[in-house]
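Reading through the structure tokens given below for one structure.
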Amino acid sequence: MWQSPDVRQTTDLDSRWTITGHINGGYLCALVCETASAFFDGAPPLTASVHYLSTARGGGPADVEVDELRRSRLSTARVRLGREGTPLLESLVTAGTPKPGEQQLDHAARPDVPPREECPEGWTGDAPGMDLLAHLDVRLAPAVAAAFGPGGAPLPVAEATGWVTYADGAPADRFLALAAWDVLPPTLWTTHLWTHAPTVNAQVVLFPGAIEGPLLVQARADTLAEGVVDETARVWDVTGRLVLSSRQTALAVPAHVAPVG
């Protein structure tokens, strides 16, 4: 049996991070990462493994429990989120600053995408319930946006790329970086496989360092088999520094949708 949590508190889920009433999984990941950071006296989040247990619908109060598993240079906590007795997610979050090393390796190729100002705005058109895309300014790469438009041709790979920042002009921050891996449209849609893709598990690493927005996000699904989707995502800041890498397992749930452009 679980021991009593070290901290039990209430938080308010932000309804601005919803799509058709569903709270975004990237937002929930960022929320538990920042919760662990606060628990460990502001230590920056480094990694998170998040299991999504139930759909979180709408903003409002939610219960948070934090269990300390280790406190050191790198500290780890178990963070649970629930609502009215229903578990929403369970996560392990490690926070802290690793010892810097002289050896470096940077083979994560940044995608060749036009500057943000040259990417089209408003790819969702008048689609209802897109609160997230009123809160964030998401500008897809032209080829990706075209795949969603009327008569658009599917892309040869399930890959979505675009710039992300706050719609109100606020500077990109750590919270946005921790959420950005999950804010682009479903990667399968770029190949005209019209499915929902609810996340089962996500693993995220946030690389130490300052973040300068806007952020460039690339998400790619290489495998869909027996209803399971394997997707990776990377987030760069405007300087070209890789700030986050993620891998998620999702379920492919067929849906009758049309291009949203």
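All values reported here derive from a predicted model rather than from experimental measurement. Note that these values count all heavy atoms, side chains included, but never hydrogens, waters or copies made by symmetry.
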Same apolar cluster (I L V M F W Y, side chains within < 4.5 Å links), I211/W163:
no
Just so I know, are the side chains of F39 and V93 near enough to count as touching, which here means a heavy-atom distance under 4.5 Å?
no
Against L216, only a single residue in V235, T161, V238, V243 fulfils side-chain contact (heavy atoms from CB on, under 4.5 Å); can you say which?
T161
Not counting sequence neighbours, which residues clear side chain to side chain donor-acceptor pair (under 3.5 Å) with R16? List them please.
D14
Salt bridge flag under 4.0 Å for residues R80 and D63
no
Would you indicate whether the side-chain heavy atoms of P142 and C119 approach each other to under 4.5 Å?
yes
Hey, can you tell me if H135 and Y166 have their rings parallel, tilted or perpendicular (30° and 60° cut-offs)?
tilted
Contacts satisfying salt bridge (Lys or Arg N to Asp or Glu O under 4.0 Å) that involve residues 167-185 (not counting sequence neighbours) are E34-R174
I'd like to know whether CZ of R247 has more than 12 heavy-atom contacts from other residues, nucleotides or ligands below 6.0 angstrom.
no
Is R70 positioned over the aromatic face of F40, cation under 6.0 angstrom from the ring centre and no more than 45 degrees off axis?
no
If we only count heavy atoms from C-beta on, is the V204 to V50 side-chain gap below 4.5 Å?
no
When Ile, Leu, Val, Met, Phe, Trp and Tyr are grouped by side-chain heavy atoms lying under 4.5 Å apart, directly or through other members, which residues fall in the same group as L92?
L69
Answer yes when D106 and R241 have at least one side-chain N-carboxylate O distance shorter than 4.0 Å, and no when they do not.
no
Are D237 and L215 packed together at the side-chain level, in the sense that at least one heavy-atom pair is separated by less than 4.5 angstrom?
yes
Got T94 and T47 here, is their nearest side-chain heavy-atom distance under 4.5 Å?
yes
Check: P208 and P44 side chains under 4.5 Å, non-hydrogen atoms:
no
Give the C-alpha distance, both sets of side-chain angles, the deciding distance and a yes or no for side chain to side chain contact (heavy atoms under 4.5 Å, CB included) between L81 and V64.
CA-CA 5 Å; L81 189 67; V64 181; 3.5 Å; yes
Kindly indicate whether the side chain of L188, heavy atoms from C-beta on, has any atom under 4.5 Å from the side chain of V229.
yes
Closest non-hydrogen atom pair, P98 against L74
N-CD2, 4.1 Å
